[in-house]
Trainee: 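Structure provided below as structure tokens; questions to follow.
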Amino acid sequence: MRWLVGWSSTAAGAARIGSAGAVGHDGETLQPVGSHLLWGDPDPLWAVGDWRPDEVRVVKADDRTRIAVLGICAASDEQLRVGLFAARGGALRHLTAWPGSYTAVVQVGRRITVCGDLAGARPVFYTPWDGGTAYATAALPLADLVEANLDYGHLAALLAAPDVPAALHDSTPYDGVRRIPPGHALILRTGAREVAGYEQVASLAVAAPSADPDSAVDAVRDALVEAVRARLSAPRHVPGADIDPGPVPGMGPAERRAARGMPVPGIGADLSGGPASGTLALLAAGLPGMPGTVLGHGTGAGERLLAVTFNDLAVGGREAELERAGTLAANPRLHHVVVAGGEETLPYAELDGPLTDEPAASLVTAARHRARLASGSADHFAGYGARQVLDAHPARLADLLMDRKRRHLVRPVAALAKADGSVLVPARVYGAARRLARTPYRSGLEGLADRLMRRRFDEPGGAVGASLAALTWARPGPAARWLTGEALAEVSVRLQGATHRSGVGPGQRPGDFRARAALSRAAADLRILEQAAEVRFQRLHAPFLDNQVVRACRALPESLRVQPGARAAILRTVLEGAGVAELPSGWGATSHAPSAAAARAGLRMAADSLLDLFATPLLAQAGLVEARVVRKALRAAAEGEALPLDGLADLVSLELWLGRLIARRGTCWTGTPARARAVPAGITPQRNALGAGASGGGAALA
């Protein structure tokens, strides 16, 4: 893991802080473990973890005016200096408009500004500490700093309503540690904090001006090309060159590297056969910059880009995608590697792994992804996020009705009717979209709170059913049906409390709002997957989540998004504009059926170990589930009963994460007593946590 951490102190607190760190109550000096100090007192900032030298840059205007940029950023030092002066005047958006994926921190006197990204892949957290505010790009270091306990309401919301921002709000799994929303910045002034947005949001009252589809797609192409070029222009690194133990009889450098679990030097990319990974692989291979050549280790003529395809031998169904990947890999600029995975790479096959910053459903598939990434390059492109930034969320149909663009509903509704084979589909979809367009946000939250209290989780199946279920402001998560009545009541109370907050409305149309929430969750899941499946010395790049790419994709007209096959058509146009014209037949066709089959096969293979995991689960100790209910659901799913597999993945992942967190004995800070770590008392049973006002509803459901 890599993160940055710092704090802003009050005038009184600054007197106790030296350049090496803060002085605690017992006279000890607090410093992050494995840290590199970027600047010191009175508001220090550290970079923690295995950052590459080119990933950390500090540009100064004077001793009290400086900017730190951590990550991949294509801005020159002069551009950083211009952005610093703009931020000094209050213009924050300039700090987020450079190609790449990075976190920018600006210090102007005693004012500290930390910018989060638009997608949520590089979040910012904060917590009150020592009279001031500590901040970081990871939640666990802050939880260690303040010895935070678990926030059980947040954990319940993660299971009951993970796609509803109002349920999670700004909380984290750690009590007292907060997160700033995507598209916002944290501003600290001598310990006082403010969260400010830097991005304009589409108005709910006035329709956005119609964008030209051709120019919008051209903007997506330019943003993607610049995002890829930012990675290609960065210095190359030889993984583990400084720790190679030397010659081993019968093993060459590549074999020694593989034995240590290290990636191949140079640039690589996923090549699954889908449009997103294929687009990035072809762009990275086609742009000038010698993709595979390591700085100082190449012939100067350039090498081929390493394209990695995962072939699941345990579960079939992806033969067409594999064939398309092979056709794409025939490009002379690509070197194709196929990674075969058997039953040992199925979901749930390996339940051991590192502790991540937060829980996510990707913990049960981390070994599957690690098997693919281990054969990748030191800098590896992946198409994560393309679906969320390019596809049209079904709720966008309501946006079209609000803008009086009914004719654009014809093709998507006709595609759903064709898939379902019913002539009643158009009327059902149009009616649901019309209801959503006329439903206030507050009513949507109240409706979800009522569904949770009444335990109403049944939804229609199939593509049409999924679209109808998505045509709401908020909906229960797939794991909600297995929560206890008290946990559901807790989430219901959180939702009802959200309706009483000032400015409850999202300030934008329902489709745009739901799409942003889906992107935020996908980015958060990718962040945890990157930690869980991390390969040492490797960087996983997701250009579709870069700020400039997200902005360009948000400018696409909704009438273009909602058309069937829009994502593949947009990416095809992007490639044509970049000079790639020949694509295999069927390019762009995707299917989720193999993923569901792999999840069910993994459940069946790991049924015994999962039942052991939930023999005495920590989730039950926390009052979120009943162990026998979860064990019954696991047995039924392993036997083939139609249950929401995503919900079971959420339950198993959260149980695994809690176990790893409680078993942890270290801390992220030096100079602290052994007790100074997150959740020092372990899991404490939560009883009567709702208070007198809500206990009746919880008891009625128990």
Side-chain angles (χ1 to χ4, degrees), residues 1-4 32-36 46-57 69-73 100-103 121-122 137-138 228 230-248 251-270 280-281 284 289-298 303-308 310 335 337 339 350 353-357 362 366-382 384 526-543:
M1 289 176 59
R2 292 169 296 280
W3 64 84
L4 63 87
V33 174
S35 63
H36 170 66
W46 290 273
V48 184
D50 59 336
W51 293 96
R52 294 173 176 174
D54 57 285
E55 291 176 333
V56 180
R57 287 195 290 166
V69 176
L70 291 88
I72 299 294
C73 180
S101 179
Y102 56 89
T103 300
R122 303 181 72 92
T137 54
V228 173
R231 275 82 172 178
L232 293 179
S233 60
R236 308 293 164 77
H237 299 267
V238 180
D242 55 338
I243 62 172
D244 193 332
V248 177
M251 295 178 67
E255 287 79 8
R256 295 200 302 272
R257 183 172 54 249
R260 295 195 305 272
M262 294 184 180
V264 177
I267 301 286
D270 282 346
L280 293 179
M290 297 178 292
T293 301
V294 182
L295 187 63
H297 290 76
E303 300 175 4
R304 294 181 295 172
L305 180 135
L306 179 66
V308 180
F310 182 76
H335 171 61
V337 172
V339 178
E350 183 179 332
L355 172 65
T356 55
D357 194 41
S362 54
R368 186 177 183 84
H369 292 281
R370 193 182 305 114
R372 181 188 81 254
L373 296 174
S375 298
S377 297
D379 290 278
H380 196 78
F381 287 94
Y384 296 110
L526 173 61
R527 171 175 171 263
I528 301 306
L529 172 63
E530 188 176 4
Q531 298 171 10
E534 183 178 19
V535 176
R536 193 179 183 189
F537 300 113
Q538 185 180 68
R539 295 294 185 269
L540 187 62
H541 301 288

Trainee: For Glu534, what residues pass the side chain to side chain donor-acceptor pair (under 3.5 Å) criterion, not counting sequence neighbours?
Mentor: Arg2
Trainee: Testing the basics here: between Arg539 and Asp50, what is the closest heavy-atom pair and its distance to 0.1 Å?
Mentor: NH2-O, 2.6 Å
Trainee: Going by the rule side chain to side chain donor-acceptor pair (under 3.5 Å), which residues pair with Tyr102 if we only count those two or more places apart in sequence or in a different chain?
Mentor: none
Trainee: Search all heavy atoms of Pro265 against all heavy atoms of Ala378 and return the closest pair with its distance.
Mentor: CA-CB, 4.4 Å
Trainee: What closest approach, in Å, do Leu305 and Ala284 show between heavy atoms, and which atom pair accounts for it?
Mentor: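 So the minimum-distance heavy-atom pair works out to CD1-CB, 3.4 Å.
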Trainee: May I ask you to test the His380-Pro263 pair for a side-chain heavy-atom distance under 4.5 Å?
Mentor: no
Trainee: Do you know which two heavy atoms are closest between His369 and Ala533, and how far apart they sit?
Mentor: CB-CB, 4.2 Å
Trainee: Partners of Ala367 by side-chain contact (heavy atoms from CB on, under 4.5 Å), sequence neighbours excluded?
Mentor: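 Testing Ala367 for side-chain contact (heavy atoms from CB on, under 4.5 Å), a comparison that skips the adjacent residues, returns Glu350, Arg370.
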Trainee: Tell me, do Arg122 and Ser101 make a side-chain contact under 4.5 Å, heavy atoms counted?
Mentor: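 Yes, at least one pair of side-chain atoms sits under 4.5 Å.
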Trainee: Please list, chain by chain and in numerical order, all residues satisfying salt bridge (charged side-chain N to carboxylate O under 4.0 Å, His left out) with Arg527, sequence neighbours excluded.
Mentor: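 Once residues adjacent in sequence are excluded, the partners of Arg527 under the salt bridge (charged side-chain N to carboxylate O under 4.0 Å, His left out) criterion are Asp357, Glu358.
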Trainee: To the closest 0.5 Å, what do you measure between CG (Asp379) and CG (Leu306)?
Mentor: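 If I round to the nearest 0.5 Å, the distance is 12.0 Å.
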Trainee: Between Arg231 and Phe381, is any pair of side-chain heavy atoms under 4.5 Å apart?
Mentor: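 In short, these two side chains touch, coming nearer than 4.5 Å.
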Trainee: If the condition is side-chain contact (heavy atoms from CB on, under 4.5 Å), which residues does Thr137 pass it with, not counting sequence neighbours?
Mentor: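 Only Trp3, Leu4, Thr103 meet the side-chain contact (heavy atoms from CB on, under 4.5 Å) criterion with Thr137.
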Trainee: Which pair of heavy atoms, one from Leu540 and one from Glu530, lies closest together, and at what distance?
Mentor: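 Answer, listing the atom of Leu540 first, then Glu530: O-OE2, 3.8 Å.
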Trainee: How close do Gly376 and Val308 get, counting heavy atoms only, and between which atoms?
Mentor: CA-CG2, 3.9 Å
Trainee: To the nearest 0.5 Å, what is the distance between CG on Leu70 and CD on Glu55?
Mentor: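 Between Leu70 CG and Glu55 CD, I get 8.5 Å after rounding to 0.5 Å.
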Trainee: Mind checking side chain to side chain donor-acceptor pair (under 3.5 Å) for Ser375 and listing every partner two or more places apart, or none if nothing turns up?
Mentor: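 For Ser375, no residue satisfies side chain to side chain donor-acceptor pair (under 3.5 Å) once neighbours in sequence are set aside.
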Trainee: Just so I know, are the side chains of Ile267 and Arg236 near enough to count as touching, which here means a heavy-atom distance under 4.5 Å?
Mentor: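 Yes, at least one pair of side-chain atoms sits under 4.5 Å.
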